[in-house]
Amino acid sequence: MAARGVIRDVGRVMDLPYAFVDSIAKMVPTELNITLDKALKMNPEFKKLYQEDEQVKELIDMSRRLEGLPRHTSMHAAGVVIGQRAIEEFVPLSLGSDGSVTTQFTMTTLEELGLLKMDFLGLRTLTVIQDAIRLVEKSTGVKLVTEKLNYNDKAVLDYIGTGKTDGIFQIESAGMKSFMKELRPQSLEDIIAGISLYRPGPMDFIPQYIKGKNHPELITYECPQLKPILAPTYGCIVYQEQVMQIVRDLAGYSLGRSDLVRRAMSKKKGDVMQRERQNFVYGNEEEGIPGCVKNGIDEKVANKIYDEMIDFAKYAFNKSHAAAYAVVSYQTAYLKYYYPVEYMAALMTSVIDNPSKVSEYIYACRQMNIKILPPDINKGEANFSVDGGDIRYGLAAIKSIGRPVIKAIVEDREELGLFQNLEDFITRLSAKNILNKRTIENLIKAGALDTLGGTRKQFMSIYVQIVDHVTQEKKNSMVGQMTLFDLVSEDQKEEFQIRMPDVGEYSKETLLAFEKEVLGIYVSGHPLEAYEEKWKKSIS
């Protein structure tokens, strides 16, 4: 509970008027890490009110007692506590509103108690890779195994350096694209470093890193022992593991002790880092640390190296984490470079419920000369799929079309063949009791029925009549009642089919408006297409 927030919370519990409590809370200066005691010293008006108004005094005194306490319990998104026996034997547990079980101690307390806490991150990108590999096998017969990819493929690395990295894990933001164009990675090691450096703080080292990469002859090291440690990152300290190696190789730290320094850095424990300076430079006989001076490194040089490490401690990054991400980045780049259609289809499936993201990737596809075909009940699937060399829009992206409906459409199509016309589609699907008028209307608006021999305007004009006709036929057959349709021959039956009205087609604007309504984006075009030349001239 921070200073302003605690006043509002206490005021609400004390049942004080909101406007009154809000005016008191706003007297607390908007300064980082401000406390109520500090606020009383900084704002004379606030202090005067506190001293003269009994109600304000009670509110502030109560707030001061609660200030700094946790406002509510929260759960780590990926943290898992592991014990050798049932966890309730070690720490108290609580049951969340969603049924999740959490510990009542924070992560630092858990670690001090000797329990193992690990973070397990679930990445959507892993599913994208899996889906893309499945589509590649389906369309080309090639069975890719991610572990067996060539991770030094120059074509893929050069492709990353072009900055055309839309949809590539970790390197698709505008800033990262620009950085990759500048970096021009030539190995997986460069990608690992790129992911580590492109964050607030380490970004300051980017010019130095790129300069070292392009001009290795200009790299200098404070002492010869640093060269094998910093050579892979062109003289820059980029990873926590490098710091661990520096304190081991230069000052004789043990593996365990070097990990304590790493932990102090990652948790930004400046006091621990300052204590370790003495050990690093001069050693510590009691703890078995020789120190830099004893290892022949000048005292000033040792202090300078330690200063650089402390500087880096503000934003230390774990190389193993960056390496795992870089491998996933490379895999997505490999798939996009060699199998762009399959990869983009899998990528759009992963964001099928996010129209703005789908729209962004559709634009990327058009830049890559990949055609996006409208949804189609005779060819499409629930997800985005590969159709020839193009991508077929996923049926699941259409509003109010549930997965059971799509499953029934695909199963019926595979069992009985393609749907011949609108009446055939409605008749066959009505037998499964899953179609309703809203579903049919949205399929028409999305263009998913365009291959059934008619225009969208014709379908919209007639589908209700067909549904009612099919429903009535169904009722008649249930009670055993024959109709005239049952008495005629197969050749004559065509004469009894409902005919499409001669109403033409909707305007382009209406068709696009329908697509936007049920898909969230425009598929067959864009309302501004007609004015493209004009606005391009205006921009230039």
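Values below: every heavy atom of this structure, side chains too, minus hydrogens, waters and symmetry copies. Residue numbers start at 1 and run along the sequence shown.
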**Item:** ring-ring contact (aromatic ring centres under 6.0 Å, His included) involving Y159 - partner list, sequence neighbours excluded
**Value:** Y337

Which donor-acceptor pairs under 3.5 Å do the side chains of residues 362-369 make with protein atoms, sequence neighbours left out?
residue: R366; atom: NH2; partner: V523; partner atom: O; Å: 3.0

**Item:** K164 with E172: basic N within carboxylate O range, under 4.0 Å
**Value:** no

**Prompt:** Are D468 and Y463 close enough that a side-chain donor and a side-chain acceptor fall under 3.5 Å?
**Reply:** no

**Message:** For F317 and Y239: C-alpha separation, side-chain torsions, deciding distance, then whether ring-ring contact (aromatic ring centres under 6.0 Å, His included) applies.
**Reply:** CA-CA 5 Å; F317 202 73; Y239 311 115; 7.9 Å; no

**Item:** Qualifying residues under side-chain hydrogen bond (donor to acceptor under 3.5 Å, both in side chains), relative to K26, sequence neighbours excluded
**Value:** D22

**Close side-chain approach of F419 to I377, heavy-atom, < 4.5 Å** = yes

**Prompt:** Of T439, L429, L443, which meets side chain to side chain contact (heavy atoms under 4.5 Å, CB included) against V405?
**Reply:** T439

**Item:** D387-S385 side chain donor-acceptor pair, cut-off 3.5 Å
**Value:** no

**Message:** Aromatic contact between Y325 and F169, with the criterion being ring centroids under 6.0 Å apart: yes or no?
**Reply:** yes

**Asked** Looking only at heavy atoms, what is the nearest atom pair of V386 and S139, with distance?
**Response** CG1-CB, 4.4 Å

**Prompt:** Mind checking whether K445 and E515 have side chains closer than 4.5 Å, heavy atoms only?
**Reply:** no

**Carboxylate-amine/guanidinium proximity below 4.0 Å for E360 and K357** = yes

**Side-chain heavy atoms of I406 within contact of E381, under 4.5 Å** = no

